[in-house]
Each structure stands twice: as C-alpha cells, then as structure tokens.
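Here's the structure we're looking at; comments come further down.
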Amino acid sequence: MTAAVRPDVARMLRAGATNREIAAVCHTARRKVAAARAALGIAPAQPSRGIESLEAALKARVEPLFCGHAVWTGPRNENGVPMVSWKFQRVSAYRVAFRAHYGREPQGVVLAVCEVPGCIAGRCLDDKTARDRTRGQLAAVLGLDQSATHCRQGHAYAEHAAYKPDGARYCGRCDSDSNKTRKRGIAA
C-alpha cells in the first residue's frame with residue numbers, strides 16, 4: 001500500500017518541477033518528494049539549464065546606472081570584491097566584465113577607474129597593462145626623465161617598466177622580487 005501523496009506536491013510533480021523546487025515551496029523533505037514521485041510513477045525532472053555562461057551570470061547581477069555605469073548587486077568575497085559564481089567556479093566580477101568588454105584576458109589586477117562607487121562597467125575597468133600605459137603617457141606629458149633604459153639591477157625598462165599613479169617609472173621586476181622577499185619574512 002502506497003502512502004497518500006499531498007495534493008500540492010502531486011500538482012507540482014505533474015507540472016514538471018524538480019524535487020528541490022517542490023521541497024522548498026511545499027516545506028517538505030526532498031526524500032518525501034522523491035517517494036511521492038515514485039508512488040505516482042513520474043520520471044525525475046530535468047533541472048533547467050539556467051544561466052548559459054559566466055557573462056550571463058554577471059549580467060544577472062548588474063544594475064545599469066546613468067551614463068553607462070553599472071553597479072554590482074551580487075555577493076562579494078571577504079575583501080569586498082564582487083564575485084560571480086557559475087558551474088562551481090567563483091571569479092572576480094571585475095575580471096569577467098573586463099573580458100566581456102575588451103575581448104581579452106586582463107593582465108594583473110583589474111580595478112575600477114571611475115568615481116562611481118561599486119561600478120563594474122567594462123569601460124570603467126583597467127588592468128595593469130592599461131594603467132601602465134596611461135601612467136607612462138602621464139610621465140611623458142609631465143616631462144619626467146625617461147632616458148634610463150635599465151634599472152640598477154640591470155633589468156630592461158622596455159620589458160619590466162611599471163608606473164606609479166603620479167607617472168614615476170620603476171622596475172616592476174625588482175618590485176615583484178622585493179614583495180616576494182618581504183612576504184617570506186626575509187630581510188632584503
């Protein structure tokens with residue numbers, strides 16, 4: 001003898017809902033929904049495909065603002081960075097928005113460069129390459145001395161140049177080595 005199936009559960013089963021959806025709506029356990037499904041002879045429902053891509057997951061959590069800006073409405077990590085989740089991966093929303101806008105993978109950290117708090121519009125994002133290019137242009141406009149071709153350690157600026165926000169050039173390789181040494185706790 002089979003147990004009686006709740007009418008609300010039976011109605012949703014016949015409509016094609018998944019066990020998880022029915023359990024949530026009807027406030028019951030999934031195993032009870034599965035038992036009702038078996039009692040009624042209804043095949044397991046195929047879950048909907050949902051969001052097709054990482055970019056679509058990003059768009060689902062973005063609220064467009066004035067003049068082309070956009071604000072993230074989804075979850076953030078412990079550092080406050082907007083995070084997109086899709087197919088068991090969590091990625092910075094800045095990186096996904098950058099890739100969607102520019103059509104290439106960002107180099108280094110992606111930062112918002114506009115004054116709108118929380119903006120993740122692609123046109124408002126810069127990666128390390130773009131920031132260094134902009135800062136190099138600032139150095140040229142300001143007339144900062146760029147005549148040296150190598151740093152004190154002999155690294156070529158053509159390959160390792162990086163720029164501070166004020167346009168001052170420094171060796172990115174030496175800076176990276178210094179940061180690695182400091183993180184290990186070794187005095188430089």
Side-chain angles (χ1 to χ4, degrees), residues 1-134 165 176 179-180 183-184:
M1 177 163 204
T2 61
V5 177
R6 288 177 36 184
D8 54 345
V9 172
R11 194 170 32 258
M12 289 186 75
L13 282 169
R14 289 187 183 101
T18 64
N19 291 3
R20 179 179 296 205
E21 293 167 341
I22 296 169
V25 171
C26 298
H27 305 289
T28 188
R30 279 191 258 171
R31 62 180 170 75
K32 290 184 179 180
V33 176
R37 183 181 295 281
L40 294 174
I42 299 174
Q46 295 299 319
S48 65
R49 288 244 183 249
I51 297 176
E52 307 86 37
S53 68
L54 204 50
E55 288 76 17
L58 175 82
K59 286 181 183 178
R61 298 289 192 146
V62 171
E63 180 181 320
L65 294 179
F66 58 93
C67 299
H69 295 283
V71 175
W72 179 249
T73 61
R76 296 175 179 268
N77 70 7
E78 59 277 356
N79 297 322
V81 176
M83 300 300 287
V84 178
S85 296
W86 181 71
K87 286 196 175 180
F88 306 110
Q89 54 179 320
R90 275 180 56 123
V91 182
S92 162
Y94 292 133
R95 294 186 75 77
V96 177
F98 184 93
R99 188 179 328 118
H101 184 77
Y102 292 103
R104 68 173 177 85
E105 285 295 322
Q107 303 298 314
V109 177
V110 177
L111 299 173
V113 294
C114 70
E115 299 296 323
V116 177
C119 184
I120 65 162
R123 68 182 187 89
C124 297
L125 302 175
D126 273 351
D127 65 345
K128 183 174 181 347
T129 304
R131 286 190 302 275
D132 282 348
R133 182 178 50 249
T134 302
S176 177
N179 287 338
K180 288 177 186 173
K183 286 180 181 177
R184 287 190 204 118

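Within 6.0 Å of CZ on R104 lie more than 12 heavy atoms contributed by other residues, nucleotides or ligands. Other residues, nucleotides and ligands contribute at most 12 non-hydrogen atoms within 6.0 Å of the CZ atom of R20. Residue K128 places its NZ atom among more than 12 non-hydrogen atoms of other residues, nucleotides or ligands, all under 6.0 Å distant.
In terms of modelled atom types and a separation under 3.5 Å, the side chain of N77 and the main chain of N79 share a donor-acceptor contact. The backbone N or O of V110 lies less than 3.5 Å from no partner atom in the side chain of R95, so there is not a single donor-acceptor pair. Judged by distance alone, with hydrogens and angles left aside, the side-chain atoms of S85 form no donor-acceptor pair with the main-chain N or O of R90 at under 3.5 Å. Between the side chain of D126 and the backbone N or O of A130 there is no donor-acceptor pair closer than 3.5 Å.
Looking at heavy atoms from C-beta onward, V71 lies out of side-chain contact with C119 at the 4.5 angstrom threshold. A heavy-atom distance below 4.5 Å is found between the side chains of R99 and E55. Between V33 and I22, some side-chain heavy-atom pair lies under the 4.5 Å cut-off. In this structure, the side chains of R14 and I42 come closer than 4.5 Å at one or more pairs of heavy atoms. A heavy-atom distance below 4.5 Å is found between the side chains of R37 and N19.
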Next item on the list: Apply side-chain contact (heavy atoms from CB on, under 4.5 Å) to the pair R6 and R11, showing each step before the final yes or no.
Entry: CA-CA 9 Å; R6 288 177 36 184; R11 194 170 32 258; over 6 Å; no
Next item on the list: Tell me, with the steps shown, if L65 and E63 meet side-chain contact (heavy atoms from CB on, under 4.5 Å).
Entry: CA-CA 6 Å; L65 294 179; E63 180 181 320; 4.2 Å; yes
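A salt bridge does not link D127 to R131: none of the charged nitrogens lies less than 4.0 Å from a carboxylate oxygen.
Of all heavy-atom pairs between A112 and L125, the closest is CA-CD2, 3.8 Å. Between Y94 and P82, the closest heavy-atom pair is CE1-CD, 3.6 Å.
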